[in-house]
Amino acid sequence: MGHLHMPLSPAAENSALPTDERRAGSTRWLAAPSVAVLVLWMTVPLAMTIWYSFSRYNLLNPDEKGFTGFDNYRYLITDPSFAPSIFHTIELIGSVLVITVVGGILMALLFDRKFAGQGIARLLAIGPFFVMPTVSALIWKNMMLHPVYGVVSAVMRALGMQPIDWFATYPLSAIIVIVAWQWLPFAFLILFTAIQSLDEEQKEAARIDGAGPIAMFFYITLPHLRRAIAVVVMMETIFLLSIFAEIYTTTAGGPGDATTILSYLIYALGLQQFDVGLASAGGILAVVLANIVAFFLVRMLAKNLKGEYDT
């Protein structure tokens, strides 16, 4: 006489599973609400921006709505300020990266040596990173680079030189100086932490072999900093794509479009011309550009990490 096999209840089936599987299933259910909120938080604004980028939506004429296809993108790309904004963005990011990486390496080498007041000097060196961008821009505009009352102008007059109105004559260079001053402490902290991890025995062996300071820098210190430099470049590039407060506070994108970068152009289209469709199209282009840049930067960082682990 055969035995009857009664179906197990869900609770019995769950108890029959191995402990690790039950634990993994419980963890997935517990994490599901957080994942759902995160997905909604990310996808809903992006989906709305994509929708508006294909729509005619101007706050001055809210009744005129409709699907426009790629007209917003076509109008944005042919706008006279679009191409200069791309070039200005690239120039700003490239210049700030060169200044912060080179300056950060030099500062890291300087602070790697013991000297009196090193703690206070280190605190002052990282101070600019904690200054709000708007406050930093006001300090440089009214106290440092002002053509009449600024510190730089006073130094130039003391040297017998004619003061310069930096924001009128060299506006983008002035913005680059402000942004680089803010981000130099970040590069310094990353590079200084990396240089502190350099093996002292390796440096001592190089000194015994007769290596001078220049040879030690190019053959020992700089290769050791390769990974840290890649991290600095990746992090700064992602954040520099969204620079806005420094430009809005000092030059408002001018004179003309001399300091208009992509982020400020999107603001001008959205909040000065009240064209939500154009601003959304600019936002999508900015997202695409940021993802392309991030893709190559992540590949560069992964390549550096692979090379370091292979060695």
Between His146 and Lys141, is there a donor-acceptor pair closer than 3.5 Å when you use the side chain of the first and the backbone of the second? no

Nearest 0.5 Å, please: how far is CG in Leu138 from CE in Met144? 14.0 Å

Given side chains that start at C-beta, do those of Pro171 and Pro255 come closer than 4.5 Å, heavy atoms only? yes

Of all heavy-atom pairs linking Leu225 and Leu191, the shortest is CD2-O, 3.7 Å

N/O donor-acceptor pair under 3.5 Å between Tyr264 side chain and Ala252 backbone: yes

So, Arg56 side chain and Asn72 main chain: donor-acceptor pair closer than 3.5 Å or not? no

Could you check whether any side-chain N or O of Gln118 sits under 3.5 Å from a backbone N or O of Arg113, counting only pairs where one atom can act as donor and the other as acceptor? yes

The reported gap from CG in Leu289 to CD1 in Ile284 (rounded to nearest 0.5 angstrom) is 12.5 Å

Taking ILVMFWY side chains as joined if any heavy atoms are under 4.5 angstrom apart, and letting links pass through other members, which residues group with Leu124? Ile120

Could you tell me whether a side-chain N or O of Thr169 sits under 3.5 Å from a main-chain N or O of Asp165, the two making a donor and an acceptor? yes

Please check if the side chain of Thr260 supplies one atom and the backbone of Gly253 the other of a donor-acceptor pair under 3.5 Å. yes

Report yes or no: does Ser55 contribute a side-chain atom to a donor-acceptor pair with the main-chain N or O of Trp51 at less than 3.5 Å? yes

Take a 6.0 Å sphere around CD1 of Ile214 and say whether it holds more than 12 heavy atoms from other residues, nucleotides or ligands. no

Just verifying a value: how many Å separate Asp257 CG and Ser85 OG, rounded to the nearest 0.5 Å? 8.5 Å

Assigning hydrophobic clusters by single linkage (Ile, Leu, Val, Met, Phe, Trp, Tyr; side-chain heavy-atom cutoff under 4.5 Å), is Ile238 placed with Val293? yes

Might you confirm whether atom OH of Tyr248 has over 12 heavy atoms from other residues, nucleotides or ligands at distances under 6.0 Å? no

Where Ala245 and Pro133 come nearest, the two heavy atoms and their spacing: CB-CB, 3.9 Å

So that I know where these two stand, are Phe54 and Tyr73 an aromatic pair - ring centroids less than 6.0 Å apart? yes

In this structure, are over 12 heavy atoms from other groups packed under 6.0 Å from Tyr170 atom OH? no

The reported gap from OH in Tyr57 to CZ in Phe274 (rounded to nearest 0.5 angstrom) is 12.0 Å

Ring centroid separation Phe111 to Phe188 under 6.0 Å: yes

Closest non-hydrogen contact found for Ala137 with Thr249 is CB-CB, 3.8 Å

Of all heavy-atom pairs linking Gln182 and Val131, the shortest is NE2-O, 4.0 Å

Tell me if a side-chain donor or acceptor on Asn291 pairs with a main-chain N or O of Val287 at a distance below 3.5 Å. yes

In terms of side-chain heavy atoms, does Thr100 have a donor or acceptor partner in Glu236 at a distance below 3.5 Å? yes

Under 3.5 Å, is there a donor-acceptor pair between the side chain of His224 and the main chain of Ile195? no

Closest non-hydrogen atom pair, Ser153 against Ile164: OG-O, 4.4 Å

State whether the number of non-hydrogen atoms from other residues, nucleotides or ligands found under 6.0 Å of Phe244 atom CZ is greater than 12. yes

All heavy atoms of Gly103 vs all of Leu184, minimum pair found to be C-CD1, 3.6 Å

Scan side-chain atoms only and decide if Ser263 and Ser242 contain a donor-acceptor pair under the 3.5 Å cut-off. no

May I ask you to check whether over 12 heavy atoms, not counting those of Phe67, lie within 6.0 Å of atom CZ? yes

Answer yes or no: are there more than 12 heavy-atom neighbours, outside Met156 itself, under 6.0 Å from its atom CE? yes

Working to the nearest 0.5 Å, report the span between CZ of Phe167 and OG1 of Thr259. 9.5 Å

